Protein chains: 2
Amino acid sequence: MFSALHQIVGQFVELDARENAILEQAFTFKKVPKKYKLTKKGEIATELFFINKGLVRLYYEKGKEEITGFIFKEHLFASSYDSFLRKVPSLQTLETLEACELLVITYQKLEELYVTLPKINVLTRKVAEQRFINGQQILSSFLLESPEERYRRFEVQHKDLLQRVPQNMIASFLGITPVSLSRIRKRMQQPSSP
Amino acid sequence: MFSALHQIVGQFVELDARENAILEQAFTFKKVPKKYKLTKKGEIATELFFINKGLVRLYYEKGKEEITGFIFKEHLFASSYDSFLRKVPSLQTLETLEACELLVITYQKLEELYVTLPKINVLTRKVAEQRFINGQQILSSFLLESPEERYRRFEVQHKDLLQRVPQNMIASFLGITPVSLSRIRKRMQQPSSP
DNA sequence: AAGGATGCTTAACAAAAGATAAGAAATCAG
DNA sequence: CTGATTTCTTATCTTTTGTTAAGCATCCTT
């Protein structure tokens, strides 16, 4: 149940048995169905989720449309970070795309961990750094690449998600409409001159 | 010379006189002219810069074009973070837009600081979290807003930069061409029906 | 299995942005 | 101060995307 968490945490900091036990106690296990909202827009996110199994989507609402901002896979820490860290009402909703098995830690428990296990500062620093770098790569793809190029990159980097996530969600994640993504896919099938 | 650094650091962690002295010793002061390259594409970034005075631009190269990825103002920590943290050749160049006064810390000195002053983990964690949140806000503006809306937001959030940064750099930062930004500005001047 | 929702594709048209080029304006360096 | 870059605007044309709507397929639920 905690093996994936230990494995991921172990990539960032070394913990002994006692420390691992303290870490485990800070989390609770939770099983939720598909389409379950982990964090709702307008509410303050008090929980951070480690995904043991399943997929979680982060989305914004623009009018009555849902714009996907990120898709969290297994073994990632998912949260509406802005809300979680700054304690402001979330602009984002976190919703499962599949039935999920999660390890949940509250903001308060995490703060306690920082005191009882200061090493955790190193862990969260490195996780934050990694997420920042990841975000920057996505951002740079908006500056440097066309929608078609972004989709090609998505295809190779997230082959698995192509089967697990509806195309309209991928489209909004790429910053385009579903119609436009459909056209791009068609364009890509046809090599060149007809 | 260190007053701004202390003020900013103080927002994240409390340091006593001894700790502040240790912090200061890790940095060196550097004055550089306009158009000076602090980090070059292809090289590994070994330094992190705290900007006492001046402006620093981060840009990518796309063909022979320079695409601005970020503009660092006074009292920010500027770096090619991906390269700095992962020790990989940088895809980005950091170049001053004005003559700058900087406090410089090397990767090695920073690693030493983590040992001699573990509190610094808290500082860098919070700085990383803040930069992540900031990056996420920029990213969401690409998903949710039109180029015109992004420019309007830029206008209000960075009035000062409008005078200090050439428009073509603002354009690429917004993900559009200079020509397109010029059109948007014209459109915005004319209220509605002529 | 049937009905209803959801998701994907396609078409037609409008709106916006990219590319290229030329000229005006501002800035910089000697 | 003046010639030379650099920057900004404007115009024209092309390409792409957005919008709306319709049709079809697929998935889910009862």
Side-chain angles (χ1 to χ4, degrees), chain A residues 33-36 55 57 59-68 71 95-99 141-155 161-190 192-194, chain B residues 33-36 55 57 59-68 71 95-99 141-155 161-190 192-194:
Chain A
K34 191 173 171 173
K35 292 222 175 187
Y36 183 87
L55 273 187
R57 175 174 69 119
Y59 67 84
Y60 301 87
E61 285 172 38
K62 179 187 177 183
K64 48 166 48 186
E65 250 187 323
E66 296 177 355
I67 308 291
T68 299
I71 295 163
E95 186 178 303
T96 59
L97 282 174
E98 303 173 349
S141 78
F142 275 87
L143 297 178
L144 301 171
E145 298 174 347
S146 67
E148 176 165 338
E149 288 168 323
R150 285 204 295 282
Y151 178 66
R152 296 191 119 98
R153 172 193 297 281
F154 185 93
E155 261 190 326
L161 293 186
L162 290 179
Q163 341 298 340
R164 295 166 76 185
V165 180
Q167 253 176 57
N168 67 66
M169 295 180 189
I170 295 173
S172 66
F173 177 61
L174 296 174
I176 57 178
T177 60
V179 178
S180 191
L181 178 54
S182 183
R183 278 190 293 232
I184 286 169
R185 283 161 52 82
K186 183 168 194 189
R187 226 185 282 151
M188 284 168 55
Q189 283 167 18
Q190 301 156 352
S192 43
S193 47
Chain B
K34 192 173 172 173
K35 292 221 176 189
Y36 183 87
L55 273 186
R57 173 174 70 118
Y59 67 85
Y60 300 88
E61 286 171 38
K62 179 186 179 183
K64 48 166 48 186
E65 249 188 323
E66 296 177 355
I67 308 291
T68 298
I71 295 163
E95 186 178 302
T96 59
L97 282 174
E98 303 173 349
S141 79
F142 275 88
L143 296 177
L144 300 171
E145 297 175 347
S146 67
E148 175 164 339
E149 288 167 324
R150 285 203 296 283
Y151 178 67
R152 296 191 120 97
R153 172 194 297 282
F154 185 93
E155 261 190 325
L161 293 187
L162 291 178
Q163 342 297 340
R164 295 165 77 185
V165 181
Q167 253 175 57
N168 65 64
M169 295 179 188
I170 295 174
S172 66
F173 178 61
L174 296 174
I176 56 178
T177 61
V179 177
S180 191
L181 179 54
S182 183
R183 278 190 293 232
I184 286 169
R185 283 162 51 84
K186 183 167 192 188
R187 223 186 285 152
M188 284 168 56
Q189 284 166 18
Q190 302 155 352
S192 44
S193 47

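Quantities reported herein were computed from a predicted structural model and do not represent experimental measurements. Scope of the values below: all heavy atoms of this structure, side chains included, with no hydrogens, waters or symmetry mates. Chain letters run A, B, ... following the sequence lines, proteins first and then strands; every chain starts at 1.
For the residue pair Arg150(A)/Ser141(A), the side-chain donor-acceptor check at 3.5 Å is not satisfied.
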Counting primed atoms, P, OP1 and OP2 as sugar-phosphate and everything else as base, the B/S/- map of nucleotides 17-23 of chain C against protein heavy atoms under 4.0 Å is BBBB---
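Within the 4.0 angstrom heavy-atom criterion, no nucleotide atom of any strand lies near Lys35(B).
Rounded to whole Å, the distance from CG on Leu174(B) to P on dA16(C) is 17 Å. Rounded to an integer number of Å, the gap from CD of Glu145(B) to P of dA16(C) is 16 Å. Between the NZ atom of Lys186(B) and the C1' atom of dA25(C) there is a distance of 15 Å, given to the nearest Å. As rounded to whole Å, 12 Å separates atom C1' of dA16(C) from atom CZ of Arg150(B).
Note on Lys34(B): a side-chain N or O is less than 4.0 Å away from OP1 or OP2 of dC28(C). Remark: Gln167(A) is not in phosphate contact with dT6(C), judged by side-chain N or O atoms under 4.0 Å from OP1 or OP2.
Here the range on DNA chain D touched by chain B, meaning any atom under 4.0 Å from one of its heavy atoms, is dT7(D) to dT12(D).
Looking only at distances, no side-chain donor or acceptor of Thr68(B) sits under 3.5 Å from a matching main-chain atom of Ile170(B). Distance alone, capped at 3.5 Å, is enough to place a donor-acceptor pair between the Ser146(B) side chain and the Glu149(B) backbone. Proximity of a side-chain donor or acceptor of Ser172(A) to a complementary backbone N or O of Leu143(B) within less than 3.5 Å is not detected.
Salt-bridge check for Glu148(B) with Arg152(B): passed, with a basic side-chain N closer than 4.0 Å to an acidic carboxylate O.
Note on ring orientation: taking the six-membered ring where Trp is involved, the planes of Phe142(A) and Phe142(B) are tilted (angle from 30° to 60°).
Contact check for Leu97(B) versus Met169(B): side-chain heavy atoms found under the 4.5 Å cut-off.
Closest non-hydrogen pair, Pro147(B) versus Ile184(B), comes out as CB-CD1, 3.9 Å.
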